[in-house]
Amino acid sequence: MIYLDYQATTPLAPEAREAMLPWLSGPEAMGFANPHSPHRPGRAAAAAVEVAREQIAALLPAGGRVVFTGSATEALNLAIVGRKPSRLAVSTIEHAAVLDTAAASSARLDLLETDRDGLVAADSDIAGGTDLVAVMQVNNEIGTIQPVDAIAEKAHAAGALFLCDAVQGAGKLEPPRGADMVAVSAHKLYGPKGIGALWVRDGIDLTPLIHGGGQEQGLRSGTLSPALCAGFGAAAALAKARMDEDGAHIQALWAKARQLLPDWELNGSADRRWHGNLNLRREGLDVARLMSDLRNVAFSAGSACASGSGRPSHVLRAIGLSDRQAKSSIRIGFGRYTEMGGIEDACACINAAAAAQGV
Ligand code: PLP
């Protein structure tokens with residue numbers, strides 16, 4: 001099986017797994033202790049959580065705090081609902097974790113349009129009275145890198161805070177330094193599933209969503225998992241140390257895949273893009289058939305987030321593709337552990353399966 005779905009999730013780095021193991025121990029080693037307990041094993045677990053917090057903070061802007069959550073989805077809910085905005089502006093290509101949370105809030109909602117390249121304008125108009133603007137760093141479907149620092153400036157000039165969903169960018173790109181809140185997820189940067197975080201700039205108040213024991217400075221009650229925190233922290237530290245090396249590897253894979261898939265149209269900008277994301281379309285392609293013919297290649301329909309719903313991707317529609325074009329798109333995602341030979345084999349299989357459809 002060739003795994004090419006790195007935007008959906010990444011493999012757990014062996015180093016992250018290793019960092020988790022002491023906190024998954026049985027009764028003999030005390031690694032199971034509650035990190036909120038005052039006794040010695042509890043304090044040891046709490047110390048591991050704080051090390052992880054620092055490792056994650058090192059991937060994020062300076063001058064804020066990291067609040068652990070169960071996922072980036074929860075972090076984004078905390079940021080949006082916890083600010084109780086009365087007027088909110090979000091881009092049309094945000095993840096459902098932002099779009100649906102914004103729609104479910106009682107805030108008046110403005111949508112920031114995207115051009116055909118999949119980019120939100122750096123000088124997007126932010127209406128007066130807007131409290132919060134949310135634009136993602138890297139789009140999960142088409143990989144486009146948004147001008148988030150410029151949009152943060154516009155938001156601030158309009159008197160709004162800026163929230164950045166950095167789930168697909170954290171550990172790969174420099175942090176969105178102009179943001180006031182940043183959401184990240186461990187499982188998109190080679191850490192474990194089931195943990196995310198919200199970075200909050202100092203001085204910004206939030207109302208908690210989850211009430212109880214008052215953990216995470218009162219912002220997110222519930223016992224933390226030292227194993228998940230340690231895995232997230234180790235993955236973050238590794239991503240920071242390997243950022244250049246991982247980036248160079250991805251560039252080489254991208255160049256090879258582009259060369260081997262010449263008959264496919266690229267969705268989204270070729271340049272202002274995370275190159276581990278190749279979202280491609282081919283006129284008349286039956287994506288469901290392609291996926292069932294390619295059982296040994298794990299990739300995604302271009303409409304990953306809407307998959308199962310039968311609806312074309314809101315992102316591909318937002319960049320001006322027709323329903324038909326959106327439904328004939330696929331997303332190939334690669335990363336640290338993808339081998340050149342794997343890309344070569346997968347491209348050959350994908351081309352052959354498309355040719356068998358006569359498209
Ligand atoms: N934002 C983006 C851009 C994503 O790609 C995802 C995951 O697909 C999320 C948010 C949600 O992350 P999590 O799986 O941690 O809830």
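Just the heavy atoms: all of them, side chains too, but no hydrogens, waters or symmetry mates, feed the values below. Residue numbers run from 1 in the order of the sequence given. In listed order, ligands and their atoms are each counted from 1.
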**OP:** Determine, using heavy atoms of Lys193 and all atoms of ligand 1, whether some pair is separated by less than 4.0 Å.
**Re:** no

Subject >> Check: Ala72 N/O within less than 3.5 Å of ligand 1 N/O >> reply: yes

Subject >> Atom indices of ligand 1, in the order listed, that fall short of 4.0 Å to a heavy atom of Ser185 >> reply: 13 (P), 15 (O)

**OP:** State the atoms of ligand 1, each with its element, that fall below the 4.0 Å cut-off from a heavy-atom position in Asn140.
**Re:** 3 (C), 5 (O)

Original post:
Taking NZ, NE, NH1 and NH2 as the nitrogens, is one of them in Glu74 or Arg220 under 4.0 Å from a carboxylate oxygen of the other?
Top reply: yes

Subject >> Glu216 with Arg53: basic N within carboxylate O range, under 4.0 Å >> reply: yes

Original post:
Do the charged groups of Arg83 and Asp205 touch, with an N to O distance under 4.0 Å?
Top reply: no

Original post:
Ser71 heavy atoms, cut-off 4.0 Å: which ligand 1 atoms fall inside?
Top reply: 15 (O), 16 (O)

Original post:
Above 12 or not: heavy atoms from other molecules or residues under 6.0 Å from CD of Glu18?
Top reply: no

Original post:
Do Val81 and Val182 belong to the same hydrophobic cluster, where Ile, Leu, Val, Met, Phe, Trp and Tyr are linked whenever their side-chain heavy atoms lie under 4.5 Å apart, directly or via other members?
Top reply: no

Original post:
Could a heavy atom of Glu94 be found less than 4.0 Å from some atom of ligand 1?
Top reply: no

Subject >> Proximity to ligand 1 by part of Glu74, non-hydrogen separation under 4.0 Å >> reply: neither

Subject >> Arg87/Asp131 salt bridge by N-O under 4.0 Å criterion >> reply: no

Original post:
Heavy-atom contacts under 4.0 Å between Asp165 and ligand 1: side chain, backbone, both, or neither?
Top reply: side chain

Original post:
Would the Tyr3 and Tyr6 ring centres measure less than 6.0 Å apart?
Top reply: yes

Subject >> Under-4.0 Å heavy-atom contact with ligand 1, by part of Met136 that carries it >> reply: side chain

Subject >> ligand 1 N/O within reach of Gln7 N/O, cut-off under 3.5 Å >> reply: no

